[in-house]
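The figures that follow rest on heavy atoms only: side chains count, while hydrogens, waters and symmetry mates do not. What you are looking at is a predicted structure, and each value in this text was computed from that prediction instead of being measured.
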Number of protein chains: 2
Amino acid sequence: MNANVPPTAALVAKLTARDDLSAEEIAVLQGMMSEPRIVQGGHDIVRDGDRPGHSTLLIDGFACRYTTLKDGGRQITALHVAGDFVDLHSFMLKEMDHGVGALTLCRIATVDHGRLLEITHTHPHLTRMFWLLTLIDGSMHREWLVGMGRRPALGNAAHFICEIYTRLSVVGMAADNAFVLPLTQVELGDVLGLSSVHVNRVLQELRSGELITWTGQNVVILDWDALADLAEFDPRYLHVVKEPR
Amino acid sequence: MNANVPPTAALVAKLTARDDLSAEEIAVLQGMMSEPRIVQGGHDIVRDGDRPGHSTLLIDGFACRYTTLKDGGRQITALHVAGDFVDLHSFMLKEMDHGVGALTLCRIATVDHGRLLEITHTHPHLTRMFWLLTLIDGSMHREWLVGMGRRPALGNAAHFICEIYTRLSVVGMAADNAFVLPLTQVELGDVLGLSSVHVNRVLQELRSGELITWTGQNVVILDWDALADLAEFDPRYLHVVKEPR
DNA sequence: CGCAGGGCATAACCTATGTAAGCGCGGACT
DNA sequence: AGTCCGCGCTTACATAGGTTATGCCCTGCG
């Protein structure tokens with residue numbers, strides 16, 4: 001938002017929540033990113049089948065990874081917020097097996113894969129931290145699998161809200177149980193594997209139970225304990241713990 | 001199985017299906033593993049909450065990562081076969097947020113995290129290959145999310161069979177559309193997010209459509225094209241492509 | 001040899017969630 | 001200023017998949 005805030009601010013916040021970075025490492029991060037660029041909401045950042053020569057950092061805005069099926073159904077497999085590397089995995093996987101789309105207007109910057117390759121030779125700790133980021137993505141994938149497979153829709157929706165609140169807190173975009181979440185009910189259905197009708201039912205139930213309010217893009221968690229309890233939310237899987245890595 | 005086959009054979013097969021390894025890298029792999037050890041089926045290899053000081057390679061047998069919910073429900077988030085590093089991610093994540101269990105009798109060997117740390121300093125390419133392994137795990141997680149969220153149970157079961165066949169082929173444990181899969185219907189339900197009753201229905205349907213036979217632990221794919229079509233199976237997400245990484 | 005337990009199969013019934021359709025509001029464009 | 005269209009919301013109805021229960025066939029074991 002602020003022009004004085006460096007594009008890597010949220011990324012650095014996300015990383016330093018897990019381990020200390022040296023001043024040099026922070027400089028390397030700042031030095032490796034391209035000039036920021038804007039992507040309009042609804043547009044793709046990377047497309048299924050692409051072989052990008054760089055990876056993309058989300059500076060601000062909301063983006064998602066998704067897969068589209070033949071019948072038109074869409075599954076969102078990850079939601080990305082400021083400070084997330086939306087396709088860091090393409091550095092090693094080479095070919096995208098899914099797309100990444102901007103849900104809102106997004107500001108992004110890129111790092112060339114060649115630069116990342118260099119870093120794996122010169123900065124082992126930074127390399128491990130990048131690896132860590134992709135592992136936390138995997139951890140969230142697993143938690144979503146548990147939710148879709150074994151949690152009822154209501155609990156899973158509650159879980160999603162707990163997760164997003166926690167993740168936004170790490171990058172300073174949520175506090176006092178309130179945050180902005182620019183997701184339509186259709187999009188939330190694509191996240192949770194539900195129809196939009198059922199998303200609506202579930203949200204009504206969370207509202208009538210006075211667990212949350214959600215008006216427009218403003219979400220307020222009225223009763224964190226009850227919400228987390230309903231969700232069986234255990235934040236350990238987000239690994240927001242600072243320790244040597 | 002064969003005492004002359006080194007414990008890393010399947011791992012090397014899995015890696016070299018994605019990129020060439022130097023003789024020195026293969027030697028490092030072989031040198032880093034502990035003596036093999038046996039784990040009985042049904043026992044845990046790593047437990048939720050553990051902070052293991054090493055990562056575990058599955059030499060042979062079948063294992064799974066799983067999460068258990070309060071109501072007793074279990075979701076299997078990954079199925080592991082010979083050559084898989086079942087908890088390589090614990091090297092960076094430090095604390096396990098889920099368990100890893102042996103589904104059958106398993107032979108395993110471990111690498112100390114200290115040794116892995118060294119490798120990130122001395123062997124960047126090998127480090128990237130380890131990173132790649134965890135990224136492919138993430139890729140499978142995403143595909144399972146798509147299946148659970150948006151594919152009907154029949155298609156998702158078909159998809160699972162296609163995936164396992166492909167993965168077993170890479171390590172030489174499947175050929176001619178046939179393989180051994182020691183999973184009970186309850187366990188398959190925990191993979192697919194279904195009840196065992198529905199798993200049974202779905203298997204009956206795959207059988208009556210003459211897509212597969214599944215007797216005891218022996219699975220035969222009778223009509224790969226029809227099965228893959230039903231599953232909308234696109235193997236790109238497994239990244240079985242050899243290229244410089 | 002007989003019994004217990006696990007795994008598969010099947011039936012009857014139930015419910016969470018999906019589908020189809022329509023309404024109203026508010027913002028964005030002409 | 002009027003018109004559209006996307007989004008939220010609701011209703012009526014349909015169905016995929018869950019639950020409970022039961023039987024049968026193995027295999028392992030006392």
Side-chain angles (χ1 to χ4, degrees), chain A residues 40-43 62 69 71-76 101-105 147-160 180-209 212-219 230, chain B residues 40-43 62 69 71-76 101 103-105 146-160 180-209 212-219 230:
Chain A
Q40 298 296 327
H43 286 226
F62 287 79
L69 298 178
D71 69 355
R74 175 169 92 151
Q75 178 65 44
I76 292 177
L103 292 167
T104 64
L105 188 137
M148 296 184 52
R150 292 304 187 204
R151 269 192 273 267
L154 184 69
N156 201 28
H159 195 278
F160 174 74
V180 171
L181 189 61
L183 276 189
T184 68
Q185 294 185 359
V186 171
E187 286 162 348
L188 187 52
D190 289 342
V191 166
L192 300 173
L194 299 173
S195 66
S196 65
V197 173
H198 204 60
V199 167
N200 190 279
R201 287 194 272 249
V202 156
L203 290 184
Q204 297 303 345
E205 196 166 339
L206 290 176
R207 286 195 260 241
S208 73
I212 64 163
T213 63
W214 185 328
T215 41
Q217 306 188 339
N218 295 86
V219 181
L230 178 64
Chain B
Q40 296 297 326
H43 286 226
F62 287 78
L69 299 177
D71 70 355
R74 174 169 91 150
Q75 179 66 44
I76 292 176
L103 291 167
T104 64
L105 187 137
V146 173
M148 295 184 52
R150 292 306 188 204
R151 268 193 273 267
L154 184 68
N156 202 28
H159 196 279
F160 174 74
V180 172
L181 189 61
L183 277 189
T184 69
Q185 294 186 357
V186 171
E187 287 161 347
L188 188 52
D190 289 341
V191 166
L192 301 173
L194 300 172
S195 67
S196 65
V197 174
H198 203 61
V199 167
N200 190 280
R201 287 195 270 248
V202 156
L203 290 184
Q204 297 304 342
E205 197 166 340
L206 290 176
R207 286 196 260 242
S208 72
I212 64 162
T213 63
W214 185 326
T215 41
Q217 308 188 335
N218 295 87
V219 182
L230 177 64

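- Between the side chain of A/Thr104 and the main chain of A/Phe62, a donor-acceptor pair closer than 3.5 Å is present.
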**Report entry** salt bridge (Lys or Arg N to Asp or Glu O under 4.0 Å) between B/Arg150 and A/Asp190, worked out
**Finding:** CA-CA 9 Å; B/Arg150 292 306 188 204; A/Asp190 289 342; 2.8 Å; yes

Report task. Do nucleotides 6-11 of chain C as a string where each nucleotide becomes B, S or -: B if the base has a protein heavy atom under 4.0 Å, S if just the sugar-phosphate does, - if no protein is that close. Result -> -SSBBB

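- Going from atom CE of A/Met148 over to atom C1' of D/dG17 covers 15 Å, rounded to whole Å.
- Not a single donor-acceptor pair under 3.5 Å links the side chain of A/Glu205 to the backbone N or O of A/Leu154.
- Between the C1' atom of C/dT17 and the CZ atom of B/Arg150 lies a distance of 11 Å, rounded to the nearest Å.
- In this entry the distance linking CG of A/Leu194 with P of C/dT19 reads 11 Å, nearest Å.
- Checked by atom type and distance alone, the side chain of A/Gln75 never pairs as donor or acceptor with a backbone atom of B/Gly147 at under 3.5 Å.
- Note that CG of B/Leu69 is 5.5 Å distant from CG of B/Asp71, once rounded to the nearest 0.5 Å.
- For the pair A/His198 NE2 and D/dG17 C1', the computed distance is 13 Å after rounding to whole Å.
- When the C1' atom of D/dT15 is taken as reference, atom CD of B/Glu205 falls 14 Å away, rounded to whole Å.
- Residue A/Leu154 contributes atom CG, which lies 11 Å from atom P of C/dA16 at whole-angstrom precision.
- Within 4.0 Å (heavy atoms only), A/Gly73 reaches no atom of the nucleic acid at all.
- B/Leu69 has its CG atom 16 Å from the C1' atom of D/dG18, to the nearest Å.
- With A/Arg207 contributing its side chain and A/Trp214 its backbone, the two residues share a donor-acceptor pair below 3.5 Å.
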